[in-house]
Amino acid sequence: MSAQSDGQLQLLFEVDERVGEQLAPSWNVAPTQTVRIIVEETAEDGTPTRQLRNARWGLLPVWAKDRKMGSRMINARSETVTEKPAFRAAATKRRCVVPADGYYEWQQGERGKVPYYLHAEDASTLAFAGLYELWPDPEIAEDDPAKWVWTCTILTRPASDALGHVHDRTPVILPYEMVGDWLDKSTRDKSEVATLIDAIPEPNLVPRQIGRAVGSPRNNHPGLIEAAG
DNA sequence: CCAGACGTTGTT
DNA sequence: GTCTGG
DNA sequence: CCAGACGTTGTT
DNA sequence: GTCTGG
C-alpha cells in the first residue's frame, strides 16, 4: 500500500523529475494496478537524473504477447533473478525502487485467511527493490507514445526467523543508503548485481493483524490497516 | 532445424 | 529475445 | 496476493 | 480446480 504524496517521495528519494500523472493514494494495491517507481536515467553526458514514474505492477518481458502474463510476474526471486530469462535483462539494466508504506500477507487460520499489515517499526516508507521493463503493446501504433508500457516487479527473499511465522518470503527492502547503488546504471554485470543483492540486509518489520476487509480489492481506505483480531 | 517456454506463491 | 527439448 | 466466477437448458 | 478481475 502507498498513501504518501509524490512530494514526500520526491524529497525522501531525492527525485529530480516527476514523469506522468499523479496517482490516487491506495491502501489496497492489487497486481496489474499502476504503482509509482523511482528510476535513474542517464543523460548523454553521463549525468544521472532520478525520476518518479508510474508503472504497471507485473513485469512484462519484451516477448510477452499480451498483458495477461504480467499478473504472474508480480514477484521475482532474488536468489535467481540474474539467471531467469524473464528477469535477467531487467536485473542488469532496469532496476527500480517501489516505495510503499507497508504491505499485506495472509496466514491460513482455522476460520479462513487472516491478514497482516507489515510495516517499519518507525512507520518510515519502505524502498522495495524492483525491476522494470518497457513493453511494446502490439495493439498500439508505433507512433503512439502509449505503445510503451512501463511495468515492474518486486524482488523477494526468504523471510527472517522473526517474520517467518507469518510468511516464508518477504520483499527485498533497501536501506535508504543503498538506494543509490541499486539504481546505479553503471552496475551492468550480473555478478555485480548478485553481490549487491547479497549485501542487502534483512528487513526489520512489524506485523499487525488487521481486519479481513483488505481481502476484497473493492475495499480501499485507511481503515484497512487498523489493528483487529 | 522448429516449437515452446520463459514465473511465483502456496499447498499437498 | 533467448534457451531448452525434441 | 485474494475474491469471485465458472454454464447450459429450459422456463418465465 | 482453475481462471479472471481488481
Side-chain angles (χ1 to χ4, degrees), chain A residues 1-3 23-36 54-94 98 100-119 126 128-138 147-149 151-160 163-173 188 190 197 203 205 207-221 223-225 228-229:
Chain A
M1 62 139 294
S2 181
L23 301 178
S26 179
W27 291 268
N28 207 348
V29 179
T32 74
Q33 288 182 345
T34 303
V35 298
R36 291 173 292 186
N54 299 329
R56 190 186 144 96
W57 181 27
L59 196 91
L60 288 166
V62 284
W63 39 260
K65 288 178 190 69
D66 54 46
R67 293 176 185 235
K68 287 177 191 166
M69 175 166 280
S71 60
R72 274 171 276 166
M73 304 277 189
I74 59 173
N75 293 120
R77 292 174 76 93
S78 58
E79 304 95 312
T80 54
V81 75
T82 58
E83 301 292 340
K84 296 286 185 183
F87 300 126
R88 60 190 170 196
T92 51
K93 297 185 181 124
R94 287 175 292 278
V98 183
D101 302 340
Y103 63 98
Y104 304 112
E105 277 175 352
W106 284 261
Q107 199 174 36
Q108 188 63 48
E110 285 182 13
R111 286 181 295 276
K113 290 178 180 175
V114 179
Y116 290 81
Y117 173 60
L118 290 99
H119 59 94
L126 305 178
F128 292 155
L131 307 175
Y132 68 95
E133 278 288 356
L134 281 159
W135 180 69
D137 188 336
K147 182 172 185 70
W148 294 93
V149 182
T151 68
C152 65
T153 190
I154 294 167
L155 270 60
T156 63
R157 66 187 297 167
S160 63
L163 290 176
H165 71 283
V166 181
H167 194 108
D168 64 348
R169 310 273 311 166
T170 56
V172 175
I173 297 173
R188 283 170 288 193
K190 75 173 180 184
I197 289 171
L205 301 171
R208 173 198 301 166
Q209 192 180 336
I210 56 170
R212 298 200 183 202
V214 71
S216 174
R218 287 184 313 236
N219 298 324
N220 196 335
H221 54 83
L224 295 180
I225 65 171

Using a 4.0 Å heavy-atom cut-off across all strands, classify [X] as base, sugar-phosphate, or nothing.
X: A:Arg67; result: nothing
X: A:Thr34; result: nothing
X: A:Thr156; result: sugar-phosphate
X: A:Tyr103; result: nothing

Scanning all shown strands, the Watson-Crick or wobble mate of D:dC6 with both distances under 3.5 Å is E:dG1
Rounded to the Å, how far apart are [X] [atom1] and [N] [atom2]?
X: A:Tyr104; N: D:dA3; atom1: OH; atom2: C1'; answer: 16 Å
X: A:Met69; N: B:dG7; atom1: CE; atom2: P; answer: 9 Å
X: A:Asn28; N: D:dC2; atom1: CG; atom2: P; answer: 12 Å
X: A:Glu79; N: B:dT9; atom1: CD; atom2: C1'; answer: 13 Å
X: A:Gln107; N: B:dT9; atom1: CD; atom2: P; answer: 17 Å
X: A:Trp57; N: B:dT8; atom1: CH2; atom2: P; answer: 14 Å
X: A:Asn75; N: B:dC6; atom1: CG; atom2: C1'; answer: 17 Å
X: A:Asn219; N: D:dG4; atom1: CG; atom2: C1'; answer: 14 Å

Rounding to an integer number of angstrom, what distance separates [N] and [M] when you compare their [atom1] atoms?
N: E:dG5; M: B:dC6; atom1: P; result: 22 Å
N: B:dC1; M: D:dT8; atom1: C1'; result: 46 Å
N: C:dT2; M: B:dT9; atom1: P; result: 26 Å

Going by heavy atoms in the side chains, are [X] and [Y] under 4.5 Å from each other?
X: A:Leu126; Y: A:Leu205; result: yes
X: A:Tyr104; Y: A:Leu224; result: yes
X: A:Thr80; Y: A:Phe87; result: no

Side-chain atoms of A:Lys113 come closest, of B:dG7, D:dC2, B:dT8, to D:dC2
Between A:Leu155 and A:Leu131, does a side chain to side chain contact (heavy atoms under 4.5 Å, CB included) hold up when you go through it step by step? CA-CA 8 Å; A:Leu155 270 60; A:Leu131 307 175; 3.7 Å; yes
Given the options A:Thr32, A:Leu134, A:Leu59, A:Thr151 meets side-chain contact (heavy atoms from CB on, under 4.5 Å) only with A:Leu59
Value for CD1 (A:Ile225) from CZ (A:Arg208), rounded to nearest 0.5 Å, stands at 5.5 Å
When A:Lys65, A:Lys147, A:Arg67 are each screened for salt bridge (charged side-chain N to carboxylate O under 4.0 Å, His left out) with A:Asp137, the one that passes is A:Arg67
(Q) Below the 4.0 Å mark, does B:dT9 have OP1 or OP2 next to a side-chain nitrogen or oxygen of A:Arg169? (A) yes
Hits for salt bridge (charged side-chain N to carboxylate O under 4.0 Å, His left out) against A:Glu83, two or more places apart or cross-chain, chain-then-number order -> A:Lys190
Could you go through nucleotides 1-6 of chain E and list every protein N or O atom that sits under 3.5 Å from one of its N or O atoms, giving the distance for each pair?
none

